[in-house]
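A short worksheet on the structure shown next.
Start at 1 and go down the list; that is how both ligands and their atoms are numbered.
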Amino acid sequence: MVVLKFGGSSVATIEMIDAILDIVQQRLDEAPVLVSSAMGKTTDRLVEATESAAHGDRDGYQRVYSELRAAHEDTVGRIADTAIRERAAGRLADQFDEVQALLTGVYLIQECSPRTRDAVLSFGERLATEIVHARACERGIDSLLLDSRDLIRTDDEFNAANVEFTETKKRIQAHVTPTAGRVIVLQGFIARTADGVTSTLGRGGSDYSASIIAAALDAQKMEIWTDVDGIMTMDPRIVPEARTVDSMSYDEAAELAFFGARVVHPSTIQPAVDRRIPVYVRNTRDPDRAGTRISGTADEEGPRALASKSPTTVITIHSSRMLNAYGFLARIFAIFERHRLSVDVVATSEVSVSVTLDDPPDLSGLVSDLAQFGRVEREDDQALICIVGNRLWRRSETVARVFDALRDIPIRLISLGSSDVNLTLIVPSDSLQRAVRTLHNTLFVP
Ligand code: ASP
Ligand code: MG
């Protein structure tokens, strides 16, 4: 069996739903389980509605509610088969009535607990899957709609609940029977506590739902269908020559994820990867492309992709007391800990330590606390470039090519070798664009 997960943009309109059903229809022999997100920006809008209601903005929440209701009704209205349309429309109406009741409650008490918020947010996926299922039925696809809340069991940390894996696996195996020739339609994101209360796995949680289901059913593969071609060698807004990476390891994807906006968050696909189920990222608008394959082990070595982060600040502590002293780094890092600042890159010499901080707030307290160790230097407007690839530094040739490409760029810091899949450089922000483009084209454009 295969798990096909479709993100919000892939189910945003009836045309998109038809496009995903084209994909599903061609894959029916593989016993597909379809996991869907909420349509388009529905979840964001539900958040907006709960916040308006909690702030006593009656017009605000009612406007959002009416817009969402109208959009879903329009979509379902495009179903031509009268019986199927009316049944789906009736179910949507019931769900929207519940949303309205919940929002009215939030408005009246002007307070929205995490638990209530999850109840409201859960409707995005529930509404979307009603429509997907109805459209599948209209197209003559054998479709079974189940409720993921009956499958995924969590604790009561609402808004980002923790999955109870043993119970979840048992439920999935008991209730989901993938069959060739039929699609099983499930909601991402939503779950239930042991007391039967609706919970969610946290924003963007549908990938996680899909990988939990893939793992429990030992899927042949899991595919995340989205609106990009896969994971790119670099953000194409910065480097227009960027192209799709065919395959990468889980560790490489994890390194890239740290840089944000990276299509999939590795922690969400961990359950699948742990079971050695390959995960593909594919584009719904261009289904002929293979996308990116992420798997537990790396088959290739060498540079795979670049990422960058800007601005970043470099803090350097110079101190001759560090020479041959023990516990020095520990005392320095204790200060970062006290200020709750997370350090990205560290480089040390015998008499100095440099660290980078991502987009830091006011650092004056930190700098004065660090001054007890020696002279503190602060450099703002720096940028971090990360080259990701398996066994990156095993071949000195790669390192040589990197530095050769950056011959004209002032490099402030280097961190190589701590993870085997990552080489990080710090350059001034105003050289970032030039540096990543040169580097990218040296490493990835033949
Ligand atoms: N609809 C949820 C969200 O937008 C879950 C998801 O899309 O993965 O956060
Ligand atoms: Mg979404």
Under a 3.5 Å distance rule, please check whether Thr42 uses its side chain to pair with a backbone N or O of Ala38 as donor and acceptor. no
Determine whether any heavy atom of Glu125 lies closer than 4.0 Å to an atom of ligand 1. yes
Check each of Arg293, Arg289, Arg27 against Glu223 using the salt bridge (charged side-chain N to carboxylate O under 4.0 Å, His left out) test, and report the only one that passes. Arg27
Report yes or no: does Gly204 have a heavy atom closer than 4.0 Å to ligand 1? yes
Are Glu157 and Asn162 close enough, and set up right, to give a side chain to side chain donor-acceptor pair (under 3.5 Å), and what steps lead you there? CA-CA 7 Å; Glu157 294 279 329; Asn162 303 295; 5.1 Å; no
Below 3.5 Å, N or O to N or O, backbone or side chain included: is there any such pair between Lys5 and ligand 1? no
Side chain of Arg285, backbone of Thr226: donor and acceptor closer than 3.5 Å? no
Look at ligand 1 and say whether Gly8 reaches it with a heavy atom at a distance under 4.0 Å. no
Is a donor on one side and an acceptor on the other found under 3.5 Å between the side chain of Thr179 and the backbone of Arg182? no
Numbered atoms and elements of ligand 1 in range of Arg203, under 4.0 angstrom, heavy atoms: 3 (C), 4 (O), 9 (O)
Would you check the N or O atoms of Gly202, main chain and side chain alike, for any that come under 3.5 Å of an N or O of ligand 1? no
Determine whether a donor-acceptor pair (N or O, by modelled atom type, separation under 3.5 Å) exists between the side chain of His175 and the backbone of Arg171. yes
Based purely on interatomic distance, does Ser37 place a nitrogen or oxygen under 3.5 Å from a nitrogen or oxygen of ligand 1? yes
